[in-house]
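Have a look at the structure below before the remarks.
So that the names make sense, note that chain A is the first sequence line, chain B the second, and so on, each numbered from 1.
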Amino acid sequence: MSQTAGHPSFLQHHFSDAEQQRESAKLGMWIFLLTEILLFGGLFCAYAIYRSWNPEIFHNAHVHLNVYLGTLNTVVLITSSVTMALAIRSMQLGRRTATLRFLAVTLALAAVFLVIKYFEYSHKIHLGQLPGKFYTYDGIAGTNPHIFFSVYFLMTGLHGIHVLAGMATIAWLVVRTSRNVFSSEYYTPIEMTGLYWHLVDLIWIFLFPLFYLVG
Amino acid sequence: MMDTTGSTFLPPGQSTIAGEVDALFNFILYASTVLFAVVIALTIYFVIRYRRRGAVAATSGKDHNIKLEIAWTVIPTILIIIVFIWGFKTYLKMSIVPRDAIEIKVTGQKWFWAFDYPEGVNTVNELVVPVDKPVKLLMSSKDVIHSFFVPNFRIKMDVLPNRYSVTWFEATATGEYNLFCTEFCGTGHSEMIGKVRVVSEREYADWLEAGAVSGEGLSLEEFGAGLYTSKACVTCHSVDGSPGTGPTFKNKYGIRQVMQGGSSVPVDENYLRESILNPNARVVAGYAPVMPTYQGVLKDREIDALIAFIKSLQDSTGNSGE
Amino acid sequence: MNNLPSSSYLNRPQGIKSWLLTLDHKRIGLLYLFSVMTAFALGGVFAMLILLELLSPGREIIDADTYHQFFTLHGAIMIFLFIIPSIPAILGNFVLPLMIGARDVAFPRLNLASWYVYILGSLFALYSIIAGAVDTGWTFYTPYSVETTTSVISMTLGAFILGFSSIFTGLNFIVTIHKLRAPGMSWFKMPLFVWGLYATAIIQVLATPVLGITLLLLIIERVAGIGIFDPAMGGDPVLYQHFFWFYSHPAVYIMILPGMGIISELISVFSHKKIFGYKAIAFSSLGIAFVSFLVWGHHMFVSGQSELAAMIFSFLTFFVGIPSGIKVFNWVTTMYKGSISLEAPMLYALSFLFLFTIGGLTGIFLGALSVDVHLHDTYFIVAHFHYVMMGGTVMAFLGGLHYWWPKIWGRMYSEKWARVAVALIFVGFNVTFFSQFILGSQGMPRRYYNYLDQYQPLHAFSTFGSWILGLGFIVMAIYLIHSLFKGRPGGANPWGALTFEWTTSSPPPHENFAEIPRVEHGPYDFDRVTAKSTLGETI
Ligand code: HEA
Ligand code: HEA
Ligand code: CUA
Ligand SMILES: [Cu+2]
């Protein structure tokens with residue numbers, strides 16, 4: 001309890017030991033992920049409601065999404081989740097270079113995801129398949145087809161922002177790892193970022209079938 | 001039975017549903033008063049009886065008593081179940097419209113109520129209904145959400161854009177009752193007040209026959225003066241020169257009006273007519289385009305009357321010019 | 001005679017920078033105290049202006065649009081800037097770690113961040129005052145909020161940002177309570193204020209993100225016209241209401257639960273008696289928190305939702321009444337055969353008991369479907385929520401503030417003036433708001449700038465009451481500020497209470513305790529343990 005001589009440098013003064021600090025961080029992270037789920041939960045509700053009111057336009061509009069690119073992106077994200085997990089594992093074993101390598105791959109895969117998303121978006125923008133009053137496309141039958149795209153852009157957009165935030169955090173981890181901050185005793189930030197990254201992945205795994213697959 | 005006298009809390013109830021609502025209201029009121037009195041009486045008694053005087057007295061560590069705890073869980077539970085069922089039953093009655101009801105279309109818009117009768121008659125801010133007959137209101141809004149509230153009938157229902165909502169009532173006494181808008185809808189929210197006039201069945205028939213206020217027997221000008229209030233122009237336009245939500249009508253006719261964007265228009269009969277039927281076509285400089293259209297609300301003769309009325313509002317000194 | 005400790009969190013370290021960058025939960029609590037009280041005073045000024053305008057029908061001091069902006073600013077400031085952060089972020093921050101025998105909260109940096117986020121959000125919210133104040137009411141109902149030309153965006157963005165501040169605090173508290181309790185402090189040895197904060201934190205964490213996404217959608221709707229809430233484009237304005245109340249109903253329990261926690265402390269300490277029904281009070285907080293997520297539709301009984309939905313919402317609404325009642329009855333029973341002293345904090349607790357019971361019982365009127373149809377959006381609602389928020393939460397907050405004041409500053413305020421203030425506030429409050437129950441059930445709609453003559457006497461009465469109320473607050477501000485400089489030292493434990501925060505010096509040292517305390521007795525074991533008041537004589 002008292003500040004003994006063997007106090008590790010990463011241990012903050014108000015925790016009694018490293019175990020308590022790590023447990024706290026973990027619980028905190030889980031709660032944070034819960035808030036994220038609720039944040040998206042609101043949008044998933046909106047999706048469900050608009051879908052049930054406008055089944056025909058959701059059907060007619062969803063075929064305009066590119067299933068091929070969507071699938072590709074799903075694979076990219078799942079792979080990045082795996083490399084993220086490997087990065088954590090490496091640090092647990094104290095292998096710093098391996099950690100660095102896996103983090104870098106994760107970062108790269110995240111970037112690939114965004115690039116693919118960029119192509120998808122720009123195609124839609126080009127066609128005028130846009131939310132609300134910006135909608136100019138006329139190839140979709142039914143009243144108010146723009147609603148589908150409102151929901152689509154909102155949800156994938158918010159998800160995209162989360163990918164960006166994840167990339168920033170992973171980049172920060174790369175810097176910290178190369179500065180030798182982490183060790184097999186202390187790797188909580190990598191572990192926490194990993195949890196976050198899995199959630200981002202998980203949300204995509206829900207978004208993908210809801211928009212691209214179900215008709 | 002019907003309580004039409006009202007109480008400290010409730011205004012006189014003059015619809016078939018009012019009695020039931022009031023009975024529940026009063027039940028909760030009395031039950032709450034008793035519960036509240038018990039809580040407060042005990043508190044006051046304990047505070048006086050066990051007031052610390054001088055040194056701290058020793059107290060007991062007893063911290064539960066099963067009988068008491070069951071009592072104060074079970075009694076409130078019974079009470080709320082009664083209140084719930086009672087409230088729900090009346091609510092159901094409020095939502096099921098009797099089949100023989102007269103149907104009147106209600107349109108809420110900033111900031112007045114328009115009523116359309118199946119017989120083709122229409123009124124603004126005045127709902128005329130026969131006594132002892134169920135009346136169904138089919139309501140929608142032209143802009144934002146409004147809410148239709150007649151305290152004496154104990155009814156209230158939101159009025160939404162692009163959707164119909166329904167409520168109904170059966171008045172039990174003739175007279176005039178206030179009608180309020182209770183959903184905040186902007187500048188004129190508290191002016192969005194109308195009247196429900198309950199008349200005998202005979203009077204109602206006569207009134208419909210006469211086509212509401214047809215203005216027969218009145219000069220156009222007099223008729224227009226009546227419409228100025230009854231069609232709610234008064235909420236936004238003054239006749240004494242003071243500015244309101246819209247420009248005043250005083251000394252309006254014959255001047256040149258400056259429009260948004262700098263152009264100017266002579267105020268003549270055609271401009272006035274256009275302003276009433278299509279107000280946002282040209283918007284007066286310095287004002288927001290908030291005037292509702294009266295297309296479909298006013299008949300031709302009524303528009304003529306309003307124009308005649310506006311024309312009559314000139315200072316005796318004559319036209320103030322440009 | 002007591003002396004102030006020469007070194008405490010207040011003077012070590014020194015300098016403005018050490019305050020603005022502090023990670024000490026006590027200092028962060030004080031940063032919140034000053035900023036949140038400023039918001040309260042501002043909200044109070046708007047309240048006074050609102051009631052001045054309502055003195056008689058027609059124009060008194062301002063025009064209709066300004067009036068609408070004033071009540072929106074009043075409501076939004078009071079809710080988002082004042083009452084939600086009030087008890088958790090000020091008193092919770094200050095005493096939670098002390099009460100559970102910890103040196104700080106789990107994430108001190110996040111704690112400081114939450115204050116900066118609060119300031120940022122407040123700036124956005126307050127910016128809307130100068131940028132053509134928002135006039136939608138604090139509920140921002142669509143489609144009006146999408147159409148109006150006023151600065152809806154700056155206010156909703158502010159509320160959105162403030163949400164993060166609230167989430168940060170809640171998250172921090174949950175982890176702190178789970179992980180940082182002193183050795184020996186089992187869940188049922190925790191003070192009830194901690195239970196209250198715990199239940200509150202759960203709601204903060206679960207409900208606030210939904211408000212976040214709702215306001216974000218509203219902002220995007222306004223900026224880009226995506227048609228989600230716009231009926232003209234196939235959207236649904238009522239969906240907005242569902243989203244909004246999904247947060248804002250639980251939010252009312254974010255406001256009241258920590259207040260109830262404070263009341264449990266006060267009644268036990270000032271009755272010098274073991275709290276009656278500890279577990280019942282602790283679990284009822286969790287029960288209220290749980291049910292609070294299932295009743296939001298009771299704000300929408302006349303919005304055209306289905307009868308089935310209305311029925312379920314009404315039914316569940318009543319079930320909040322049971323745990324609330326359990327608490328009230330337990331508090332009253334705690335006083336039975338106690339040794340009751342009526343110092344200012346206890347007077348606030350008793351005011352709470354009186355006012356909250358009225359406020360809560362009038363909630364039962366509103367939960368009853370047919371009665372709510374008549375009362376919805378009238379002054380009855382206004383009276384109901386002022387009784388629970390002002391009469392409930394604010395009374396509890398003021399009680400807690402007076403109770404912990406000597407711990408925070410080491411100095412006592414003037415007991416005599418505190419009693420004057422509590423009397424003025426109690427009387428003024430009832431005069432102001434009881435009249436509004438009658439106004440409302442007589443049919444007077446809320447958010448009305450102008451009204452019919454028949455309502456005038458009661459409105460005037462209400463305005464008159466607000467002056468007494470305002471006077472009470474001015475008295476309070478004066479003697480509290482005075483006490484900071486001239487108050488006599490109260491010692492470590494002026495009230496003879498048994499929880500941990502009273503075992504350390506007043507004001508506490510930088511890291512709270514010289515030695516982390518051990519649990520030797522329950523927080524309310526007044527029958528077994530006596531802690532002598534360090535004040536000496538009673539007043
Ligand atoms: C601190 C905030 C707070 C609290 C604690 C409450 C508590 C309650 N509220 Fe309130 N409420 C608001 C803040 C709060 N409310 C606000 C801000 C609004 C309006 C928002 C707006 O539109 O702007 C509102 C509006 C509101 C409505 C919507 C009305 C309408 O717009 O038509 C309803 C309807 O059911 C309601 C019900 C209740 C109930 C049942 C409780 C219950 O929790 C009360 C429980 C307490 C008791 C019942 C008293 C103690 C119990 C006993 C003494 C035992 C005996 C009890 C029984 C027999 C049941 N409230
Ligand atoms: C926490 C919430 C809270 C609090 C405390 C209050 C407090 C008060 N409110 Fe509030 N009010 C709301 C929340 C609150 N209100 C909300 C949400 C609405 C709905 C808005 C809407 O419709 O959208 C509303 C609406 C509302 C209306 C209805 C307007 C309308 O519908 O047209 C009225 C009218 O009487 C009113 C009056 C008052 C008054 C007189 C007080 C008084 O109790 C205020 C007393 C306080 C002071 C006078 C401040 C004094 C402080 C100091 C001097 C500083 C002290 C400093 C130290 C101690 C250091 N309020
Ligand atoms: Cu229409 Cu308020
Ligand atoms: Cu509620």
Side-chain angles (χ1 to χ4, degrees), chain B residues 8-11 20-21 24-25 28 32 35-36 39-40 42-43 46-47 50-52 56-57 59-61 63-64 68-69 72-73 76-77 80 83-84 87-88 90-92 94-95 144-145 147 149 151 154-158 160-163 165 178 180 182-187 189-191, chain C residues 64-65 137 141 143-144 147 231-232 237 272-278 280 302-304 307 310-311 314-315 318 321-322 325-326 328-329 332 335-341 350 353-354 357-358 361 364-365 368-371 373-374 376-377 438 441-443 445 447-451 526-528:
Chain B
T8 317
F9 281 97
L10 293 163
E20 276 182 48
V21 176
L24 179 55
F25 182 98
I28 307 177
S32 307
L35 277 168
F36 175 73
V39 168
I40 296 310
L42 285 175
T43 305
F46 292 163
V47 165
Y50 303 113
R51 176 86 193 270
R52 189 184 303 173
V56 175
T59 56
S60 107
D63 63 0
H64 58 269
L68 262 182
E69 289 174 79
W72 70 46
T73 313
T77 308
I80 59 173
V83 172
F84 162 71
F88 180 58
T90 311
Y91 185 74
L92 269 190
M94 290 173 164
S95 9
V144 297
I145 304 178
S147 192
F149 177 36
R154 313 284 190 266
I155 57 161
K156 184 181 290 120
M157 190 71 203
D158 280 5
L160 299 149
N162 274 30
R163 185 193 289 191
S165 54
N178 292 321
F180 295 120
T182 50
E183 187 64 70
F184 181 66
C185 53
T187 313
H189 169 57
S190 61
E191 312 299 326
Chain C
D65 287 321
Y141 272 17
Y144 186 77
E147 281 183 25
H272 198 79
K273 181 152 172 286
K274 189 164 190 173
I275 189 98
F276 193 87
Y278 174 95
V302 302
S303 71
E307 283 82 39
M311 180 184 98
S314 162
F315 184 72
F318 290 125
I322 305 296
I326 289 177
V328 169
F329 295 128
V332 174
M335 289 187 280
Y336 173 65
K337 288 193 173 172
S339 172
I340 301 172
S341 83
L350 294 174
L353 217 51
F354 187 98
T357 306
I358 296 183
L361 288 170
I364 300 300
F365 287 77
L369 283 161
S370 59
V371 177
V373 168
H374 178 61
H376 174 73
D377 271 349
I438 303 173
S441 58
Q442 287 287 350
R447 295 172 175 169
Y448 261 31
Y449 165 69
N450 196 357
Y451 54 84
F526 290 103
D527 52 322
R528 298 200 286 119

Engaged part of [X] at the chain B interface, taking heavy atoms whose separation is under 4.5 Å:
X	result
C:V328	side chain
C:I275	backbone
C:Q442	both

Let's test your reading of the structure: which of [options] forms the most heavy-atom pairs below 4.5 Å with chain C?
options	answer
B:C185, B:S147, B:S165	B:C185
B:G87, B:P161, B:S190	B:S190
B:V21, B:L42, B:I155	B:V21

Please confirm whether the ring centroid of [X] lies under 6.0 Å from the ring centroid of [Y].
X	Y	value
B:H189	C:Y448	yes
B:F36	C:F354	yes
B:F184	C:Y141	no

Please confirm whether the backbone N or O of [Y] pairs with a side-chain atom of [X], one donor and one acceptor, at under 3.5 Å?
X	Y	result
C:H374	C:S441	yes
B:S95	B:L92	yes
B:T59	C:H272	yes

For a 4.5 angstrom cut-off between non-hydrogen side-chain atoms, does B:T73 reach C:F329?
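A side-chain contact under 4.5 Å is absent here.
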Please state whether the side chain, the backbone, both or neither of [X] comes within less than 4.5 Å of a heavy atom of chain C.
X	result
B:I40	side chain
B:S32	both
B:M157	both
B:E20	neither

As an exercise: rank [options] by heavy-atom pairs under 4.5 Å with chain B and give me the winner.
options	answer
C:P237, C:G304, C:S370	C:S370
C:Y278, C:Y451, C:Y336	C:Y336
C:G325, C:G321, C:S314	C:S314

Is NZ or CZ of B:K156 both nearer than 6.0 Å to the six-membered ring centre of B:F149 and within 45° of the ring axis?
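Satisfied, under 6.0 Å and within 45°.
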Nearest 0.5 Å, please: how far is CZ in C:F318 from CD1 in C:I364?
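CZ of C:F318 is found 6.0 Å from CD1 of C:I364.
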